[in-house]
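Here the structure comes first, spelled out in C-alpha cells, and everything after it is commentary.
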Amino acid sequence: MPDETKPRDNIDRLLKHLKNGSLAARLVHARRTGGAGDPAEAVKAVLEERLAQVRDKIDNPEV
Amino acid sequence: MITPRFRSLSIKGFRAYGVVEQTLNLPADIAVVWGPNSKGKTSLAEAFEFLLTGRITRRELMASSQDEFADALRNAHLADSEEVYVAARIIAADGTAHDIRRILTGDYGKKQDCTSRLEIDGATATEAGLAKLGIALSQPPLQAPVLAQHTLAYIFSVRPQDRATYFKTLLEVTDLDHLRNDIAALADDLKPLDDPLFTKFVACVVVTALKPALATLLVTVPDAATLTSRLEDAASALIEDAGEKVPDTLDERLAAIGRILADRRTKTFAVRGFERKELAGWNPPSADTWTRLDTYLEERKKVDEETRQLTALFDEALKLPAISAITEAVDCPLCCTESALTLARVQIIRQHVEDIRDFKTAETAAKLSLTQLSASADSLTTAAEAALPKYLKTPAAERRKIGFTVARIRELLGGRANELVDPLLAQIRPLARAAAALRRGAMQAIALVEKQAAERATALDPEKLRAVFATLATLRTSFASAIDSYKPPASALDTALNEVLDAQSDTAGWQDFLDIARRPDKLRSALIERKALATVENELEAALKQIDRAKEQVLDDKFSDYSTVIQAWWERLRPGEPTFFSAVQPRKGAKRTIDFKAGLSPRLDRSAPKVRDVIAVFSHSQLHCLGLAMFLARAQHEGGGFIILDDPVLSSDEDYRVHFNATVLTELLNLPIQVIVLTQDHGTWEELETRYRHLGISNAQLYIESPAEGSIIENTSDALLAKINRAASLARGGHPDLRKECGIQLRDAGERFCKEMLVKYRRDKGGTAASLSDYAGKALEWLCPHVDPLLDRDPSHSGKLDVFKNTVNRACHDNTPPGTEEMKHACGEIRYFVKDYLGR
C-alpha cells in the first residue's frame, strides 16, 4: 500500500500543525498519552502546571 | 495478517437465480464473469451486496421509487417453500476459512425494508461478526465494495452537501472534536471562585479618589511593599478628598477613614444602633472552685465552735516562753491553779491550734471561690450585654428621638425592605428573651453567692451553687444560639443599609477599602490568583483557536492525500489527457460540501490549466472514469481486501478499456485487492483470461436456459477442455512460473479426465447415479491406478498416463519445472486421451 494511503492517526496529523512546546501541543499530547489514568486528568494537570508557573511569575517577576 | 478473500459464492433463489444453487468458484485473486444483458450479472453483484449488508444499494439510491422494489429479492418463480440465500466461503484476515450465509426472511415491501438472518459458520451472527473476520464496510448507502452503473452515477447525482457521506472516512475527525471539547471544558476550572476580597477591591477601584492608586493593580500585581504604598496613597487621597488632615501611617489613616465613614453614615441614619460586640467566651467555674468549697466544709467539721472562739487565746498562750518551752507541769496563767498546765495539756492546745490553721486555710480558699463565682456570673452578664446590639439597650423613646425606627429603616431600604427587615425582626424577640433570661439567671447566681458568702460559717451549700451555675451555663448556650441566629439577617441588613447610606453620603466603596486595606497580604494573594487565572484563560483560548485551525488543516491534509490517490487511479485510466481530474476538496467555508475539480489545459503537457467543476466540463465517459477512480481510491483507502466491479468499462470506451484491463487491474492485484469483474463484453472476458492466466484467473459464464430455472453459473475455468487450452497456452511461455501454472492446470485437467472416465465407466455399467462429486478430493495418485484398467485402446496408454502424472507433479512441486517441450508434450497427451476416450 503506498504511503499516502496509510491510515494516519488524526491526532498525529493535528500535532504536526501545532507549534512544538506550545500550550496547545502540550494539551493535545497529554490528552493522547493520558498517563495511567483518565486522559482528562492528564490534560488538567498540564493546565495546573501552567497556572502554577504563571502564579509564580506574577509573584516573583524578577526570577 | 492478510485482507479477507472470497473463495466461492453460492446463490439460491435470489433475484435472477433459481431453485438450484449456483456457485461461482473464486480460487484466485482475480475472476472474470461474462454474461450478456439480462443473464444475471447485476443479480450476481447484488448477491455480494445482500450477503454483506442485508440489502441492495439500488433500492436505497432510488428513494423516489422504493415501493417499486417490493418483492424484488426473491425469484418470482420460486416456490414459497424454497429458501432464498446467498452464501460464501471466505478466507478471513487471520487466514482461517469461514462459511457465511445470509437467508432472506422477509422481502422488500412497498413501505418496508427487507429482513434477513446472517449466519457465520452455521451460527446466527451480526454485521459485527463480519468485521471480526476483517470485512469492514463503508458508510451507507454504498457500504459494500460493489461497483455498479447506478453506484458510479450516485456520487455525481447527489448534491455537493450530500457527497460528504461518501467521504465519511475522510471527514471523520470525531476524535479531534472530542479532544477539543475535553480541552475546552478546562475553561470551567479557570473561572475564578467568588472571592469577597476581590469583589471589594473591584468596588474600590470605581471610587474616584481611590482609582489612581488602585486601578493599575488590576494590570500588574506589585510586590508587597509597593502594594502597601499604593494602599497608603489611596487612603491619603480618600482623606484629602474628605477635606481632613492626613495622618502619617496606614493604620492611622484607616482609623480616620473609619471615623469619617461612621460620621457620614450617622448623619443619614443612626446606623451605630446596630453595633454590637462578639459574645466573649465564658469558662464555667472550674473543678477547683467546687473542691475548695467542699474542703472548707470538711475542715469546718473538724473544729468546733468553742475551739474556733479560743483560737486567739491559744495562739497567745503558746507564745508565752513558759508554755512554749514547757518541760514539766506549770501553773495555769489564767486561773493560777498550781501545776495545772501539764506537758500533755500543752500538747492538746498545740493540736487545737494546728487544726484551726487548716481550717483557716480552707476558709480563705473558700472565700476566693465565692469571689470567683460572683465574678464569673458578673462577667457573663457583661459579655451578654456587649453582644447585644445597641438599639436593644436603648430606651424606645431615645431610639425614636434619634430616628432609629423600623419605619425609617424600611424607608431607606426601599424595595428590599421586606426581604431584609422581616428576617431580622423574627430574630430580635428570641434574642431579647434569651438575653433577659441570662441576665436574670446571672443576678440570681450572684445573689446566691453573696448570701452564702455572708452565711458561710453556717449556711454554705455548694450543691445549690452548682445547680444555679449549671442553669447559668444552659442559659448562656441559649443566648449564644440566639446570637448565631441573629447574625446572618443582621449582617445582610447592615450591609444593605450601609450601601444605601454610603450612596447617600458619598462614601460608596469606603467600607470595602477599609476591609481590603486591613489585609494587604490577602489582597495581594487574591490579585495574583485573579491575574494568573485570566492569563491562563487567555492562553487556553488561544490554544483552542490553534487546535481549531490545525483541525481544519488536518481535513485539508486528508483531502489532499485522498485527492492524490484518486488522481493516481485517474491517470491509470486516462493517462496524459489535457482535461484531467484535478482535486476533490471541501468547499471553503462549508467543509461538508464536497467539490470535484477538473483541470482544463490547452496543451498536451497540461500546463496552465483552468480549474472548473467536473460536473460542468466532464463528458459522460470522463465522469464514468472519475466515478471508477473514486471507487477504487476509496477501496484502497479503506483496505477492504476485495471489490466486485459490474461492467466497470463502458462498451463505448474502447480507449480506456485497455488501460483498465492492463494497468488498473495489475495495480489492484499488486495492492493486493481481490478483483471480481463482471462484464457483458466478451472481448474483455477473453482478454482478461489470457492476460491474467499466469495468476490462475478463474472465469465463468452466465446464461439462462429457462426463466423458471433462472441464471446458471458455469465455471468455465473448471471445464476440462478449458483447462487443457489454458495449460497449452501457458506451456508456450518461457518463464518457469508460467510452466508451473501450466502444471497446475494440467494436473486439474488430468484429475478431471480420470474422474470423467470413472463416471463414464460406471454409467456404462448402469450406474446412473454416478457423479463427479463422488471423487471430490481425489488426486492423480489415487485416480491413475483406478483409471489404468479402463485405458484399453492401446497398451501404451497406461504408461503415457504415468509419464503425464510424473511431469505435472514435477511442474507443481519442483523449483525448476520441466521444460517447455515437455510441458507441451504433456498437454498433447492429455488432449489425445480426452479425444480418444471421451470423444471431445
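Letters A, B, ... are given to chains in the order of the sequence lines, protein chains preceding strands, and every chain is numbered from 1.
Top candidate by heavy-atom pairs under 4.5 Å with chain A, chosen from B/Val221, B/Asp189, B/Leu544, is B/Asp189. For chain A, the option among B/Leu527, B/Leu176, B/Leu533, B/Leu540 with the highest count of heavy-atom pairs below 4.5 Å is B/Leu176. Across A/Asp59, A/Val46, A/Leu15, A/Val43, the residue that shares the most heavy-atom pairs under 4.5 angstrom with chain B is A/Asp59.
Nearest heavy-atom pair, B/Phe559 versus B/Val584, reported as atom, atom and distance to 0.1 Å: CD2-O, 3.6 Å. B/Val219 approaches B/Lys531 most closely through the heavy-atom pair O-NZ, 2.9 Å.
Interface remark: A/Arg31 contributes side-chain atoms only to the contact with chain B (heavy atom separation under 4.5 Å). Residue contact with chain A, scored on non-hydrogen atoms closer than 4.5 Å, is absent for B/Arg549. At a 4.5 Å heavy-atom cutoff, the contact between A/Val28 and chain B is made by backbone and side-chain atoms alike.
Using bins of under 30°, 30° to 60° and over 60° for the plane-to-plane angle, the ring pair B/Tyr562/B/His637 lands in the perpendicular bin.
Between the side chains of B/Lys551 and A/Asn10, no donor-acceptor pair is found at a separation under 3.5 Å. B/Asp557 and B/Ser560 share no side-chain donor-acceptor pair at under 3.5 Å.
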